[in-house]
Amino acid sequence: MKNRVHNLLLLHLLVLASSFVVIDSIEAKQLRQDLIQRRSQLASRMSPGSLLILFSNPLRPYSGDVYYEYRQENNFYYLTGIEQPESIFVLMPSNETFREILFLPERDPGRELWTGPMLGPEEATRISGIDNVWNAGEFKAFIEAILQGLPYRTERYQPSNGYDAFFSALEKSEAEVFLLLKPHPGLEGKLTRELEFAEQIRERYPGINVRDVHNILAQMRLVKSGYEISQLRKAVDITVEALRKAISEVRPGIWEYEVEAIIEYVFKRNNSSDWGFPSIVASGPNATVLHYEASQRQTAPGELLLMDVGAEWKQYSADITRTIPVNGVFTPEQLSVYQLVLKAQQE
């Protein structure tokens with residue numbers, strides 16, 4: 001038994017060793033180039049004496065030792081392309097050497113045996129274009145040194161001007177730390193890691209200004225690159241295919257959850273990560289509930305079925321709504337309203 005476990009672990013390690021030997025596809029190159037441009041654009045909107053800290057989304061418990069399927073924080077993925085949890089991204093726009101730093105958890109073969117391969121530094125650099133990939137265990141020592149005006153990862157007693165702009169701002173009480181502080185939980189909601197971190201900085205380093213990067217990123221994301229548009233089109237194409245399949249299967253007596261299952265099956269069949277928002281499949285009176293999600297009603301002849309759905313592709317989501325007659329034919333009243341809405345859309 002012991003030999004069998006040993007052999008299985010050895011085989012697993014060999015698989016992991018080869019799991020990241022991936023051909024750099026055209027799409028991967030396009031994503032990496034987009035990521036580099038996004039970070040450069042963000043750096044240009046930050047002051048010289050500032051730094052940005054972004055935390056990845058935490059793992060969220062479902063029950064016991066089971067977690068919800070992981071989804072990376074939108075803006076973390078937008079700037080890094082990294083989907084690894086327990087990661088941190090730092091941007092210091094005026095640094096000469098360590099301008100961009102990605103902190104990743106150390107690879108753990110025992111953990112990977114249960115949950116799959118973790119990213120190593122080379123693979124993270126290939127995806128993101130970030131050259132400095134450090135162990136996440138270093139982040140605490142790094143940030144404490146920087147906030148105290150001490151250079152990090154430099155030879156002792158050797159001059160280093162890599163952090164000069166930030167350290168100069170520190171001396172003048174003009175240094176800024178950007179964090180993602182929205183959405184805000186209000187007075188009673190649980191504080192996010194970012195808000196707790198912001199409070200620590202305000203208490204222990206009163207000369208440092210904490211700023212929210214949310215509005216800068218929101219403005220940047222208003223304009224889509226060619227690569228982003230291609231990802232949106234892919235999400236739309238998958239959603240259209242799903243709706244066409246569902247429409248072909250709808251008949252009186254079908255349950256809402258059956259239609260939802262057809263739609264989301266097509267999402268998964270096309271390797272969509274999932275829906276971009278919970279699917280709304282609503283028949284009869286349920287179609288008047290704006291965000292109906294139960295999908296527990298059986299359809300009847302003469303009714304309408306509303307489907308408001310969207311596949312998510314690489315964190316880009318489609319959003320399409322279609323309303324059809326369950327038995328395939330509109331009543332005169334239904335057709336009148338349908339044509340009115342269609343004409344408004346076309347106008």
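Just so it is clear, the model here is predicted, and its values are computed rather than measured. Hydrogens, waters and symmetry mates play no part in the numbers below; they use all other heavy atoms, side chains included.
In this structure, the side chains of Gln200 and Glu196 stay at 4.5 Å or more apart for every pair of heavy atoms. At least one side-chain heavy atom of Arg193 sits less than 4.5 Å from a side-chain heavy atom of Ile88. Residues Met118 and Pro105 meet the side-chain proximity criterion, which asks for heavy atoms closer than 4.5 Å. No side-chain heavy atom of Thr299 sits less than 4.5 Å from a side-chain heavy atom of Val250. Ile36 is listed as a side-chain neighbour of Arg32, based on a closest heavy-atom distance under 4.5 Å. Using a 4.5 Å heavy-atom cutoff, the side chains of Gln219 and Leu222 are in contact. The shortest distance between side-chain heavy atoms of Val337 and Glu333 does not fall below 4.5 Å. By the 4.5 Å heavy-atom criterion applied to side chains, Val177 and Leu147 are counted as neighbours.
Around the CD atom of Glu69, the shell of radius 6.0 Å holds no more than 12 heavy atoms that belong to other residues, nucleotides or ligands. In the displayed structure, Arg204 atom CZ is contacted under 6.0 Å by at most 12 heavy atoms of other residues, nucleotides or ligands. Under a cut-off of 6.0 angstrom, the local environment of CG in Leu342 is crowded, with over 12 non-hydrogen atoms contributed by other residues, nucleotides or ligands. Counting heavy-atom neighbours within 6.0 Å of Arg233 CZ, excluding the residue itself, gives a total of 12 or less. The local environment of CG in Leu187 is sparse, with at most 12 non-hydrogen atoms from other residues, nucleotides or ligands closer than 6.0 Å. More than 12 non-hydrogen atoms from other residues, nucleotides or ligands lie less than 6.0 angstrom from CZ of Arg269.
We find the OG1-CG distance between Thr80 and Leu104 to be 9.0 Å, quoted to the nearest 0.5 Å. Remark: Leu179 CG to Asp212 CG distance equals 8.0 Å, nearest 0.5 Å. Taking NZ of Lys182 as the start and CG of Asn215 as the end, the distance is 4.5 Å to the nearest 0.5 Å. Rounding to the nearest 0.5 angstrom, the gap separating the OG atom in Ser272 from the CG atom in Asp237 is 12.0 Å. Atom-to-atom distance recorded for Asn75:CG and Leu180:CG is 5.0 Å, nearest 0.5 angstrom. With rounding to the nearest 0.5 angstrom, the CG atom of Leu304 is 10.0 Å from the OG atom of Ser283.
Residues Glu83 and Tyr70 have side chains that never bring a donor and an acceptor to within less than 3.5 angstrom of each other. A donor-acceptor contact closer than 3.5 angstrom is absent between the side chains of Gln33 and Tyr227.
Residues Pro85 and Ser56 come closest through the heavy atom pair C-OG, 3.7 Å. Across all their heavy atoms, Ile130 and Phe89 have their closest contact at CD1-CE1, 3.6 Å. Shortest non-hydrogen contact noted between Gly253 and Gln298 is O-NE2, 2.8 Å. Arg71 and Asn57 get closest at one heavy-atom pair: O-ND2, 3.1 Å. Across all non-hydrogen atoms, the minimal contact from Asn327 to Gly302 is ND2-N, 3.7 Å. Across every non-hydrogen atom of Ala246 and Ile263, the tightest pair is CB-CG1, 3.7 Å.
Lys314 is linked by a salt bridge (Lys or Arg N to Asp or Glu O under 4.0 Å) to Glu27, counting only residues two or more places apart in sequence or in another chain. Residues satisfying the ring-ring contact (aromatic ring centres under 6.0 Å, His included) test with Phe330, not counting sequence neighbours, are Tyr338. Judged as a side-chain contact (heavy atoms from CB on, under 4.5 Å), and not counting sequence neighbours, the contacts of Ala136 are Phe103. Considering only residues two or more places apart in sequence or on other chains, Phe76 meets the ring-ring contact (aromatic ring centres under 6.0 Å, His included) condition with none of them. Remark: Arg111 pairs with Glu86 by the salt bridge (Lys or Arg N to Asp or Glu O under 4.0 Å) rule, at least two apart or across chains. Residues passing the side-chain contact (heavy atoms from CB on, under 4.5 Å) test with Ile127, sequence neighbours excluded: Ile82, Leu119, Glu123. When the side-chain contact (heavy atoms from CB on, under 4.5 Å) test is applied to Lys172, the partners found at least two apart in sequence or on another chain are Ser168, Glu174. Among residues two or more places apart in sequence or in another chain, the salt bridge (Lys or Arg N to Asp or Glu O under 4.0 Å) test is passed with Lys245 by Glu249.
The ring pair (Phe, Tyr, Trp, His ring centres under 6.0 Å) pairs that include a residue from residues 289-313 number zero, where partners must be two or more places apart or lie in different chains. Note on residues 231-273: pairs passing ring pair (Phe, Tyr, Trp, His ring centres under 6.0 Å), not counting sequence neighbours, are Trp255-Tyr257.
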Show me the side-chain donor-acceptor pairs of residues 273-281 shorter than 3.5 Å, one per line, residues at least two apart or across chains.
| unit_1 | atom_1 | unit_2 | atom_2 | d |
| --- | --- | --- | --- | --- |
| Ser273 | OG | Glu312 | O | 3.4 |
| Ser273 | OG | Glu312 | OE2 | 3.1 |
| Ser279 | OG | Glu264 | OE2 | 2.7 |

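Tracing side-chain contacts under 4.5 Å through hydrophobic residues (I, L, V, M, F, W, Y), one never reaches Leu91 starting from Tyr77; they form parts of separate clusters. Using a 4.5 Å cut-off between side-chain heavy atoms of Ile, Leu, Val, Met, Phe, Trp and Tyr, with links allowed through other members, Ile247 and Ile262 fall into different hydrophobic clusters. Follow the hydrophobic side-chain contacts under 4.5 Å out from Phe139 and you reach Ile201 in the same cluster. Tracing side-chain contacts under 4.5 Å through hydrophobic residues (I, L, V, M, F, W, Y), one reaches Met46 starting from Leu217; they form part of the same cluster.
For Phe197 and Phe55, the distance between ring centers is under 6.0 angstrom.
Proximity of a side-chain donor or acceptor of Glu176 to a complementary backbone N or O of Asn209 within less than 3.5 Å is not detected. Put simply, the side chain of Thr125 gets close to the backbone of Pro121: a donor and an acceptor are under 3.5 Å apart. In this structure, the side chain of Thr239 does not engage the main chain of Gly310 through any donor-acceptor pair within 3.5 Å. The backbone N or O of Gln72 sits less than 3.5 Å from a side-chain atom of Gln315, completing a donor-acceptor pair. Put simply, the side chain of Arg38 never gets that close to the backbone of Leu79: no donor and acceptor are under 3.5 Å apart. For Asn95 (side chain) and Thr97 (main-chain N/O), no donor-acceptor pair under 3.5 Å exists by modelled atom type. Judged by distance alone, with hydrogens and angles left aside, the side-chain atoms of Arg99 form no donor-acceptor pair with the main-chain N or O of Met92 at under 3.5 Å. A distance-only check finds a donor-acceptor pair linking the side chain of Thr192 to the backbone of Leu195 [under 3.5 Å]. At distances below 3.5 Å, at least one donor-acceptor pair connects side-chain atoms of Asn132 with backbone N or O atoms of Glu100. Between the side chain of Gln148 and the main chain of Glu144, a donor-acceptor pair closer than 3.5 Å is present.
A parallel orientation is assigned to the rings of Phe167 and Tyr163, their planes being inclined by less than 30° (bins at 30° and 60°). In this pair, Phe142 and Trp134 present their aromatic rings perpendicular. The plane angle is above 60°, beyond the 30 to 60° band.
By the 4.0 Å N-to-carboxylate-O rule, Glu303 lies close enough to Arg297 to be salt-bridged with it.
Val329 shares a hydrophobic cluster with no other residue; no ILVMFWY side chain has heavy atoms under 4.5 Å from its own.
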